[in-house]
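Following: one structure in structure tokens, then a few remarks.
This structure is a prediction, so every number in the text was calculated from the model and none was measured.
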2 protein chains.
Amino acid sequence: MSAKGQPVTLGEVAKAAGVSIATASRAINGSTRRVSEDIRKRVQETADRLGYLPNLSAQAVAKGASSTVAVVVSDIADPFFSAIAAGVMRGANEAGLVVTLAAADHTPQNELDIVRTFRSQRPRAIILSGSRSVADPNQALLDEQLEAFASTGGKVVLISQSPSPFDVVELANREGARELARVLVERGGQRFGIVTGPQRLMTNRDRVAGFREGLEESGTSLETDAVVEAEFSRDGGYTGLRTLLSRVPEVDTIFATSDVMAIGAMTALRDLGKTPGKDISIAGFDDIDTARDVTPTLTTVVAPLADMGYRAVKLAIDPDAARDPQVLKVNTSVIVRESTPVRERASA
Amino acid sequence: MSAKGQPVTLGEVAKAAGVSIATASRAINGSTRRVSEDIRKRVQETADRLGYLPNLSAQAVAKGASSTVAVVVSDIADPFFSAIAAGVMRGANEAGLVVTLAAADHTPQNELDIVRTFRSQRPRAIILSGSRSVADPNQALLDEQLEAFASTGGKVVLISQSPSPFDVVELANREGARELARVLVERGGQRFGIVTGPQRLMTNRDRVAGFREGLEESGTSLETDAVVEAEFSRDGGYTGLRTLLSRVPEVDTIFATSDVMAIGAMTALRDLGKTPGKDISIAGFDDIDTARDVTPTLTTVVAPLADMGYRAVKLAIDPDAARDPQVLKVNTSVIVRESTPVRERASA
DNA sequence: CTGTTAGCGCCTTCAG
DNA sequence: CTGAAGGCGCTAACAG
């Protein structure tokens, strides 16, 4: 259609329409469109004809505010984070915002670098998803960056754990795990084991603590060796389960602190010649899509991940910017599937 | 630390360091840093002290080129696309580029809107992933947008099918499916069935055509009713399989044109009282992570998805911008798992 | 090597 | 309601 060239500029549209550049601006992108209707139409038409598209960067410099929201995830290929990202993108889309995404790859240092780069973009908001760590040396530096961003008018939303100086969308990890424990006891579980990700991540701490509480409330308890810590991934679930079974062979019900780990654990069980959902019950946390596609289908705690992402955006663009930091607690529910059949009590 | 305020600007750094704004620019962001070492150091130090971060938007306007690469996916929660996105992000990160992402949600109209928004961002490149459709009325409009983007110096890379006026990263769908067919015949398959996504998508066309070829080369063929079309999703796989079995009950081996569909089909099989990998063999395409976590583990055609995303970025930032459009063919390989056991030939 | 001077594309007072 | 002028933060010639 056209040879190499430069994008059409607002000035060109103005000239072609026979109006000033200011009028063109008001006609096309103006917030308070106080422009006579016929001129507005004329300008709009020539803009369309010329294929004019506003330059967002230029708008951002001029207005001092961009239309971008920046999101940090640990790993976009992890269904947990991609579900959150999907929700964020839906929310951003509704608000006419552009999403920029970066993966920290489970490395605090990367997270720090990413936030720095994001700050350079002057986004409207930065959304961080991923568990908070305890005693992370980088945490102070990260908070410093976020604080600085917030102090220059940026919004920070954490999909993580409170307390925090910023808005937080917080999953009811503890409560969800507690209810799961109760359900599993009701279904006849007696000897429990846990395969968990690193305890330095609050998510894992809370889920383990909650599960313990639920057990105790049901009059059961956990043996000392029955909690195995491994990588927070499918392979971690696999190795973690083997360790667990070698230490406490007689467990009948296993809680993995994420579905991804649970799925790895189920494969490990099979490789040990045991049938998950029959020889041993197993449950996870998150309710990722795959949970209903594995065999047996996986009992788990439902976390409305996409919804959490969506709500994080809503918090981020809340017009009442000067309010106090807010905590949005997100509730969970337990869904029982085939992996945790009702079992006979040996001594009841 | 600091009260509400504006971000630190280059001008402030310059003043604090006692140099001109131009020198500060050269010292910090200058490409050809022809600045005396001691001044450079001094400027850098005061920049750090003040917490200066360059304004990317301003840089983009001034330079007339941004440091962004824009990516369109159909659905980020789909493991197929999130794997590609992961690769893109890795590549972009290596090149110091920022990634902006949008989901078209399988709707051509959305895709068009997204590309328009992306054009406004003036990204360095736009990467489109997702199959090309045949006879899509929006296709012309989309191509027009992309053409316009390219004609103003933007790079377009398609993770899709050739031919195309743009760079393409193309998966060997046809060849992969053909090899899969051969393997399945070798393992004793005799009555084949296919569950496919919409034939309007080139991806499905090619995979079905290739599978057919492979069968014919092996002296087998497909019955007329044995190809069922359904939605290109897990649920499509589920319903598609039921239709297939009701039409041709005696099939012994099924090819689903994606792993996601295959997984839905496996669940459907079980719901019909049949055991996948025993009563009926089944295979998919893509090798998403879940393929090795389902039971039985899924035989499939490996598509190096993350790698494809990575390579798409590399193509996008290829310095030799003025070269002819390039097609990067990506090879596949078949991986045999439990879902396709060797079976006895009934009549051999 | 450094500073001065123009811009980049757009928005936004401020006059008319 | 419209236009002229200044400015957003930064880079890129151009002189010294």
Side-chain angles (χ1 to χ4, degrees), chain A residues 5-44 46-47 50-68 119-124 152-154, chain B residues 5-44 46-47 50-68 119-124 152-154:
Chain A
Q6 294 306 117
V8 181
T9 171
L10 188 56
E12 305 179 57
V13 175
K15 183 151 42 151
V19 297
S20 80
I21 210 175
T23 310
S25 170
R26 288 187 275 249
I28 299 185
N29 313 313
S31 36
T32 55
R33 62 162 166 76
R34 31 186 207 180
V35 143
S36 74
E37 183 53 22
D38 51 339
I39 284 212
R40 200 199 57 70
K41 232 175 62 182
R42 180 151 48 95
V43 173
Q44 188 61 61
T46 73
L50 267 45
Y52 168 77
L53 287 171
N55 183 322
L56 289 184
S57 290
Q59 286 190 162
V61 242
K63 297 210 260 214
S66 78
S67 54
T68 292
R119 283 233 286 147
S120 265
Q121 296 194 77
R122 308 283 190 272
R124 190 100 100 229
T152 55
Chain B
Q6 294 306 118
V8 180
T9 171
L10 227 204
E12 305 179 59
V13 175
K15 182 151 45 150
V19 298
S20 81
I21 201 175
T23 308
S25 171
R26 289 186 275 248
I28 299 184
N29 313 313
S31 36
T32 54
R33 63 160 167 76
R34 29 186 210 181
V35 145
S36 75
E37 184 53 22
D38 50 339
I39 284 214
R40 200 199 56 71
K41 231 176 62 182
R42 179 150 52 94
V43 173
Q44 188 61 61
T46 74
L50 267 44
Y52 168 78
L53 286 171
N55 183 322
L56 288 185
S57 290
Q59 286 190 164
V61 238
K63 296 209 261 212
S66 78
S67 54
T68 292
R119 283 233 285 147
S120 264
Q121 296 195 78
R122 308 281 190 274
R124 199 94 97 240
T152 55

Rounding to 0.5 Å, atoms OG (A:Ser66) and CD (B:Gln121) come to a distance of 9.5 Å
Enter the inter-axis angle for the ends of the helix from C:dC1-D:dG16 to C:dG16-D:dC1 (five pairs per end, rounded to 10°).
40°
Contacts of A:Ala22 meeting side-chain contact (heavy atoms from CB on, under 4.5 Å) (sequence neighbours excluded), chain-then-number -> A:Ser20, A:Arg26
Are OP1 or OP2 of C:dC10 and a side-chain N or O of A:Asn29 less than 4.0 angstrom apart?
no
Only distances under 3.5 Å count here; give the side-chain donor-acceptor pairs of residues 55-64 of chain A to other protein atoms, sequence neighbours excluded, each with its distance to 0.1 Å.
unit_1, atom_1, unit_2, atom_2, d
A:Asn55, OD1, A:Ser57, N, 2.9
A:Asn55, OD1, A:Ala58, N, 3.0
A:Gln59, OE1, A:Asn29, ND2, 3.4

B:Ala17 meets the side-chain contact (heavy atoms from CB on, under 4.5 Å) criterion, sequence neighbours left out, with B:Val19, B:Val43, B:Thr46
Using 0.5 Å steps for rounding, measure from the NZ atom of A:Lys41 to the CG atom of A:Asp38.
8.0 Å
I'd like a list of close polar pairs between nucleotides 3-7 of chain D and the protein, N/O only, cut-off under 3.5 Å.
unit_1, atom_1, unit_2, atom_2, d
D:dG3, OP2, A:Ser20, N, 3.1
D:dG3, OP2, A:Ser20, OG, 3.4
D:dG3, OP2, A:Thr23, OG1, 2.5
D:dG3, N7, A:Arg26, NH2, 2.7
D:dG3, O6, A:Arg26, NH1, 3.2
D:dG3, O6, A:Arg26, NH2, 3.3

Measure from NZ on A:Lys15 to P on C:dG9 and round the result to the nearest Å.
12 Å
Give the rounded distance in Å between these two atoms: CG of B:Leu10 and C1' of D:dA12.
14 Å
Taking NZ, NE, NH1 and NH2 as the nitrogens, is one of them in A:Glu37 or A:Arg40 under 4.0 Å from a carboxylate oxygen of the other?
yes
Rounding to a whole Å, what distance do you find between A:Arg122:CZ and C:dC10:C1'?
18 Å
To the nearest 0.5 Å, tell me how far B:Gln44 CD sits from B:Ile39 CD1.
13.5 Å
If we only count heavy atoms from C-beta on, is the B:Pro7 to A:Arg122 side-chain gap below 4.5 Å?
yes
Any non-hydrogen side-chain atom of A:Thr23 less than 4.5 Å from a side-chain atom of A:Val35?
yes
Most 5' of B:Asp38 and A:Val61 on DNA chain C, judged by nearest nucleotide
B:Asp38
By side-chain hydrogen bond (donor to acceptor under 3.5 Å, both in side chains), A:Arg119 pairs with (sequence neighbours left out) A:Gln145
In residues 50-59 of chain B, which ones come under 4.0 Å of DNA chain D, going by heavy atoms?
B:Tyr52, B:Pro54, B:Asn55, B:Ala58, B:Gln59
Residues forming a side-chain contact (heavy atoms from CB on, under 4.5 Å) with B:Ser25, sequence neighbours excluded:
B:Leu10
